[in-house]
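Below you'll find the structure, written out as structure tokens, and then a few comments.
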There are 2 protein chains.
Amino acid sequence: MTGATTSGELRSHNLARLLRAAHDEAGRATRSELTRGLGLARGTAAVLVAELTEARLAEERPAPQRARGRPTAILGPHPGGPLTLAVDLREDAWTIATAEIGGALTVREERPHPGNPPETVLSGLATAIGRHLTDLGPRVVGVGVALPGPVRDGRVVDIPHLSWRDVPAAEILRAGAAPVTLGNDATLAGLAEARRGALRGVAVGLHFHVDFDLGGTLLVDGSPLHGARGTTGEFGHMPLGGSDLPCDCGAVGCWSLQVGANALLRAMGVPVEPARGRDDALRILAGAAAGDARHGAALDEVARAFGAGTAALVNALDPQRVTLSGLGVRLREQAADAFATAYEAGLMAFRRDDPPPVLPAALGGDATLVGAAELAFDAFLTPEGLTAWQAAR
Amino acid sequence: MTGATTSGELRSHNLARLLRAAHDEAGRATRSELTRGLGLARGTAAVLVAELTEARLAEERPAPQRARGRPTAILGPHPGGPLTLAVDLREDAWTIATAEIGGALTVREERPHPGNPPETVLSGLATAIGRHLTDLGPRVVGVGVALPGPVRDGRVVDIPHLSWRDVPAAEILRAGAAPVTLGNDATLAGLAEARRGALRGVAVGLHFHVDFDLGGTLLVDGSPLHGARGTTGEFGHMPLGGSDLPCDCGAVGCWSLQVGANALLRAMGVPVEPARGRDDALRILAGAAAGDARHGAALDEVARAFGAGTAALVNALDPQRVTLSGLGVRLREQAADAFATAYEAGLMAFRRDDPPPVLPAALGGDATLVGAAELAFDAFLTPEGLTAWQAAR
DNA sequence: TCCATTATGTTCTCGGCGAGAGCAAATTGG
DNA sequence: CCAATTTGCTCTCGCCGAGAACATAATGGA
């Protein structure tokens with residue numbers, strides 16, 4: 001959506017702008033607010049709303065009156081309007097949900113899976129997606145899938161602890177007419193924060209998701225930085241801590257060896273088995289919270305590494321705000337002093353007078369699904385997407 | 001320039017698109033190429049070209065005939081057209097040049113300066129800028145200034161080895177009607193590469209400039225990532241090397257302590273004095289080139305740190321290409337093996353099959369001036385900028 | 001040398017779009 | 001109950017780019 005060039009494109013661009021704005025406002029904005037916000041004439045807005053309604057893209061419903069004057073209406077989703085399928089594939093289970101314009105989610109199915117081999121897991125998921133697509137019919141305009149590893153050109157590049165390697169996920173998940181878009185789970189969690197969470201309206205935001213690994217994304221004007229091939233955000237694989245441990249990723253001394261579930265075990269001197277330590281990590285956190293000194297020391301060590309690395313990335317990328325999800329929230333909350341001290345010490349002096357705040361993500365466990373839905377809507381809420389929808393009926 | 005919304009805005013947006021395209025093509029593109037490239041109708045292009053000519057924004061001149069058919073013309077700068085002033089303030093001297101549409105530079109003045117106090121240096125520069133502005137008259141539409149340190153909200157935040165600290169440079173340099181825009185020199189060198197150098201057409205590029213310090217910028221779609229307050233690109237101030245030396249910036253273990261002029265001295269065991277070692281560093285490079293083993297070892301050490309850190313940032317940011325300027329070019333060329341080995345070892349395994357190439361910058365010493373000129377033109381080559389120009393005559 | 005071919009510039013008409021004005025409608029609050 | 005207020009609706013107007021038809025200016029082969 002680079003902007004209209006011809007007078008004929010104006011209409012479709014403005015249509016997309018209006019529907020996008022209604023979507024971004026989560027179906028809470030009134031027509032008059034949207035009109036003002038987009039700088040449209042009232043007459044133009046009337047035409048656009050009529051066209052959206054006619055095309056079953058959106059619908060007006062009465063708004064609670066707030067002040068004097070003729071009442072206006074809220075522009076929200078149409079009961080027969082477009083849906084996206086949001087899919088969250090985790091290491092041991094997946095969830096399928098629908099999202100409507102405005103972003104409201106409805107979970108439709110949730111199932112455990114064996115984890116391996118990837119082809120089995122993905123084709124099982126593909127079957128389920130196909131079933132929902134059939135149920136929902138042509139209302140589904142796209143499928144967004146969150147995957148727990150880096151995604152490049154539609155392929156899952158590498159999930160060491162599941163031993164997935166270069167899996168052609170997009171191909172296996174291809175689903176009828178609806179386009180399937182893949183994204184990394186940490187990236188999509190960040191995207192969700194940027195659209196509907198703690199990074200809303202932030203020009204440059206940095207999001208970290210901590211689990212076994214540490215992933216994240218840089219959000220510029222509400223969208224994740226995509227990189228050359230879609231694998232930006234592997235902040236965990238920079239040698240930020242001066243360690244010399246070899247990492248599953250193939251490099252050495254990666255930051256994510258010092259921050260995350262396994263890092264907690266390592267700090268406790270407990271042997272680390274691939275993808276098995278999440279419960280142990282939570283026990284360490286619980287122990288630290290209960291006052292156990294050894295647990296507390298391990299937690300502090302990890303929190304220090306987390307704070308120091310965060311500072312490094314803040315130095316380099318100058319975000320306005322940093323958000324955390326996954327284990328990162330508790331790491332930082334339970335060892336607030338250790339984190340804050342390391343964070344401040346790692347900042348360049350000139351950043352210390354007004355450092356970017358580090359905040360927990362506002363969206364809870366749904367973040368990844370929300371992000372997956374946004375990913376799919378991003379491809380639809382364009383002049384081309386809406387024109388295709390209108391042409392199809 | 002977010003795109004036209006009303007039919008009245010179409011004209012000015014297309015005018016700006018056309019002039020921007022002519023500028024980006026360095027005054028080499030013909031009208032027919034531009035028309036095709038922008039997807040304009042021939043009739044529309046005729047009107048736009050007439051308007052550009054009429055407004056003295058651009059001018060057509062005959063193009064060498066290449067094939068059969070009616071000849072077309074090259075759309076290039078107008079002899080009375082807009083100019084920007086490009087200023088490069090270095091640690092010991094400054095340069096003032098003009099740039100016209102298409103980017104051609106003409107150096108107008110070059111002078112050494114004492115370095116301190118900053119107010120004296122800057123007001124001397126301001127006087128010179130004012131003189132050139134008076135000479136050139138209203139053709140100058142903006143002034144872009146490159147500064148050798150981080151810039152935030154128009155202030156030079158911190159240049160430790162010059163002991164500049166929070167200097168209100170924009171205020172001191174304010175120059176009549178022409179807007180003054182400041183930028184970091186490494187950022188602007190990267191911008192120049194993105195527009196007219198080795199990062200041309202690259203969706204995501206990473207540029208490093210190495211001198212005493214290591215700075216850089218991430219270029220997304222031809223523009224530097226700006227960050228929340230304009231201080232992105234301080235990649236040198238991440239602890240990528242596991243050192244525990246304190247850095248002038250206030251943090252510890254910064255990468256730029258291991259890569260740059262001072263790092264070479266340090267690797268040789270030579271005492272480091274602030275801002276004094278550039279010649280010594282060049283001597284070390286020359287010695288290494290001549291085959292001296294101790295010099296070679298120091299160079300290798302620095303090149304390894306450079307390669308490893310580059311890999312870390314490639315992991316995190318997924319650029320399509322990496323470019324180097326300043327000392328970085330020789331560091332990498334003279335110790336190509338050390339760099340390459342460390343670079344590859346630092347990459348995540350899945351990036352090794354097709355790692356982003358690391359290339360020397362294509363623009364030589366002019367890069368910073370070119371970038372400063374682009375910075376100023378970016379503010380002008382917009383619908384608003386052109387409308388103001390047209391209104392002023 | 002000449003003319004068919006080719007590519008591009010020029011001009012004009014046409015359809016479409018948003019701005020904006022004027023009016024209608026619907027609510028509030030004194 | 002009515003003035004004030006805000007918004008929706010409708011219609012006209014000016015402007016813009018598309019596209020067609022035509023004009024123009026070069027090439028290159030016969």
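Throughout, a chain's letter reflects where its sequence line sits, starting with A, and its residues are numbered from 1.
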Nearest to side-chain heavy atoms of [X], which nucleotide of [options]:
X       : options                : result
A/Leu10 : D/dC16, D/dT7, C/dC17  : C/dC17
A/Ala46 : C/dT8, D/dT7, D/dT10   : D/dT10
B/Thr44 : C/dC17, C/dT8, D/dG17  : D/dG17
B/Arg42 : C/dG18, D/dA21, D/dC9  : D/dA21
A/Arg68 : D/dA21, D/dA4, C/dA26  : D/dA4
A/Ser32 : C/dT10, D/dG8, C/dC17  : D/dG8
B/Thr6  : C/dG18, D/dA25, D/dC16 : C/dG18
A/Arg70 : D/dT24, D/dC9, C/dG18  : D/dC9

Using whole Å, what does the distance between atom [atom2] of nucleotide [N] and atom [atom1] of [X] come to?
X       : N      : atom1 : atom2 : result
B/Leu48 : C/dT10 : CG    : C1'   : 14 Å
A/Glu9  : D/dG19 : CD    : P     : 11 Å
A/Ile74 : D/dG8  : CD1   : P     : 12 Å
A/Leu18 : C/dG18 : CG    : C1'   : 14 Å
B/Leu38 : D/dG17 : CG    : P     : 12 Å
A/Glu60 : D/dT7  : CD    : P     : 13 Å
A/Leu40 : C/dG20 : CG    : P     : 12 Å
A/Glu33 : D/dT6  : CD    : C1'   : 13 Å

Inset, instruction - Taking all heavy atoms of B/Gly230 and all of A/Asp318, pick out the closest pair and write down the distance. - result: N-OD2, 3.1 Å

Inset, instruction - List the atom of A/Leu199, the atom of A/His207, and the distance in Å for their closest heavy-atom pair. - result: CD1-CB, 4.3 Å

Inset, instruction - Hey, which sits more toward the 5' end of DNA chain D by its nearest nucleotide, B/Asn14 or A/Ala67? - result: A/Ala67

Inset, instruction - Please figure out whether A/Arg31 or A/Gly69 has its closest DNA chain D nucleotide nearer the 5' end. - result: A/Gly69

Legend entry - Phosphate contact (C/dG9 OP1 or OP2) by B/Thr72 side-chain N/O below 4.0 Å: yes

Inset, instruction - Select from A/Gly8 and A/Gly43 the residue whose nearest nucleotide in DNA chain C is closer to the 5' end of that strand. - result: A/Gly8

Inset, instruction - Return the orientation label for the A/Trp389 and A/Phe380 ring planes: parallel under 30°, perpendicular over 60°, tilted otherwise. - result: perpendicular

Flag, side chain of [X] to backbone of [Y], donor-acceptor distance under 3.5 Å:
X        : Y        : value
A/Asn14  : B/Thr5   : yes
B/Arg196 : B/Leu191 : no
A/Ser12  : A/Pro383 : no

Inset, instruction - Please work out if B/Thr5 contacts a base, only the sugar-phosphate, or nothing of the nucleic acid, heavy-atom cut-off 4.0 Å. - result: sugar-phosphate

